[in-house]
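Note that this is a predicted model, so its numbers are computed, not measured. Just so you know, residue 1 is the first one in the sequence shown, and it goes up from there.
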Amino acid sequence: MLARWLPAAINTRPAEWSRAAIGMALGTLFSVWVCARLFGMDVALHLLGPLGASAVLLFAVSSGALAQPWSIIGSYLCAAVVGLLVARVLGRTLGSACLAAGMTVILMCWLRCLHPPAGGLAMTLVLADPASIALGWHELGPVMLGASALLACALAYNNATRTRYPKGPVESPAVIIGRAAPALDASITAADLKQAMAEMEQFYDVQPAELEQLIHAAEGHARRRSIGEVLAGRVA
């Protein structure tokens, strides 16, 4: 049981750590600077926490579903609308801030744009500073500007440093028709997945054991589907 509390190994090299760290710092700095130029430094600094958290995902775990463009744009829009609406109706209290965060999670799941920092953003907008409160609904401006600037920086920096972003669907390898290869026991294990992840040298927000469970579950569904197709063919 104690082993579950130990940190998992990071399957990346220090060069990737440095690449992600520099990108995170530059992206956050750029997005806050852009907001400060148009809406003032007080408003920009109030968004620093959510933007910094988003930058970690966009630059360090850019292959994950939570770090794709729609995730950040859609989630920031959800958090801004919910946060400002709750603050206007229920007031600026800790309870209403927590309620806004929960409502934001539901809306993000519905719109398929789940992005963890947006939960903090919703709370930040409810418990805003005087400069942000004075903007009213115009607070949507700096929120979306910061998200867009951070996304633009991620698109430029990640691709410039040879990290493809955003991630598209993985192309399936071409099937070669020919003489069948001899049957081999090539069951994929967690150790195989760990080695493959290490060779790819990128951060992945998933553990090899979880991938192994997913693969085995998919294999079970595939076997049941194949059996069902065979039985259906015999009945026909």
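Neither Val126 nor Leu45 shares a network with the other; the hydrophobic side chains, linked directly or stepwise wherever heavy atoms of I, L, V, M, F, W or Y lie under 4.5 Å apart, form separate groups for each. Under the 4.5 Å side-chain heavy-atom criterion for ILVMFWY residues, no single connected hydrophobic cluster contains both Met144 and Phe39. No path of Ile, Leu, Val, Met, Phe, Trp and Tyr side chains, each step under 4.5 Å between heavy atoms, connects Leu38 with Val143, placing them in separate hydrophobic clusters. Both Leu140 and Leu48 belong to a common hydrophobic cluster when Ile, Leu, Val, Met, Phe, Trp and Tyr are linked at side-chain heavy-atom distances under 4.5 angstrom.
Put simply, the side chain of Trp70 gets close to the backbone of Leu111: a donor and an acceptor are under 3.5 Å apart. Proximity of a side-chain donor or acceptor of Asn158 to a complementary backbone N or O of Gly23 within less than 3.5 Å is not detected. Checked by atom type and distance alone, the side chain of His46 never pairs as donor or acceptor with a backbone atom of Ser132 at under 3.5 Å. Proximity of a side-chain donor or acceptor of Gln68 to a complementary backbone N or O of Ser62 within less than 3.5 Å is detected. With Ser31 contributing its side chain and Ala149 its backbone, the two residues share no donor-acceptor pair below 3.5 Å.
With rounding to the nearest 0.5 Å, the separation of CG in Leu51 from CG in Leu29 is 11.5 Å. Taking CE from Met103 and CG from Leu107, the interatomic distance works out to 8.5 Å, rounded to the nearest 0.5 Å. Atoms CG and OH, on Leu155 and Tyr165 in that order, are 6.0 Å from each other to the nearest 0.5 Å. Between atom CZ of residue Phe30 and atom CG of residue Leu150 there is a gap of 9.5 Å, rounded to the nearest 0.5 Å. Between atom OG1 of residue Thr104 and atom CG of residue Leu121 there is a gap of 8.0 Å, rounded to the nearest 0.5 Å. For the atom pair CD1 of Ile106 and CG of Leu114, the computed distance is 12.0 Å after rounding to the nearest 0.5 Å.
Residue Ala20 comes nearest to Ala60 through the heavy atom pair CB-CA, 3.7 Å, listed as atom of the first residue, atom of the second, then distance. A pairwise comparison of heavy atoms in Arg92 and Leu125 identifies NH1-O, 2.8 Å as the closest pair. When every heavy atom of Leu94 is checked against every heavy atom of Leu127, the shortest pair comes out as N-CD2, 4.2 Å. Contact record, Met108 with Ala118: SD-CB, 3.6 Å, taken as the closest heavy-atom pair. In terms of heavy-atom proximity, Leu145 sits nearest to Cys35 at CD2-CA, 4.1 Å. The minimum heavy-atom distance linking Met123 with Cys98 is given by the pair CE-SG, 3.8 Å.
Annotation: ring-ring contact (aromatic ring centres under 6.0 Å, His included) contacts involving residues 114-157, sequence neighbours excluded, comprise Phe59-Tyr157.
Looking at heavy atoms from C-beta onward, Ile73 lies in side-chain contact with Ser148 at the 4.5 angstrom threshold. The closest side-chain heavy-atom distance from Val43 to Glu139 is below 4.5 Å. Looking at heavy atoms from C-beta onward, Pro142 lies in side-chain contact with Leu47 at the 4.5 angstrom threshold. In this structure, the side chains of Asp129 and Asp42 come closer than 4.5 Å at one or more pairs of heavy atoms.
Checked against side chain to side chain donor-acceptor pair (under 3.5 Å), Thr161 has the following partners two or more places apart in sequence or in another chain: Arg19.
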Atom pairs and distances, side-chain donor-acceptor, residues 75-87, under 3.5 Å, sequence neighbours left out:
residue, atom, partner, partner atom, Å
Ser75, OG, Ser71, O, 2.5
Ser75, OG, Ile72, O, 3.1
Tyr76, OH, Pro50, O, 3.0
Tyr76, OH, Ser54, OG, 2.7

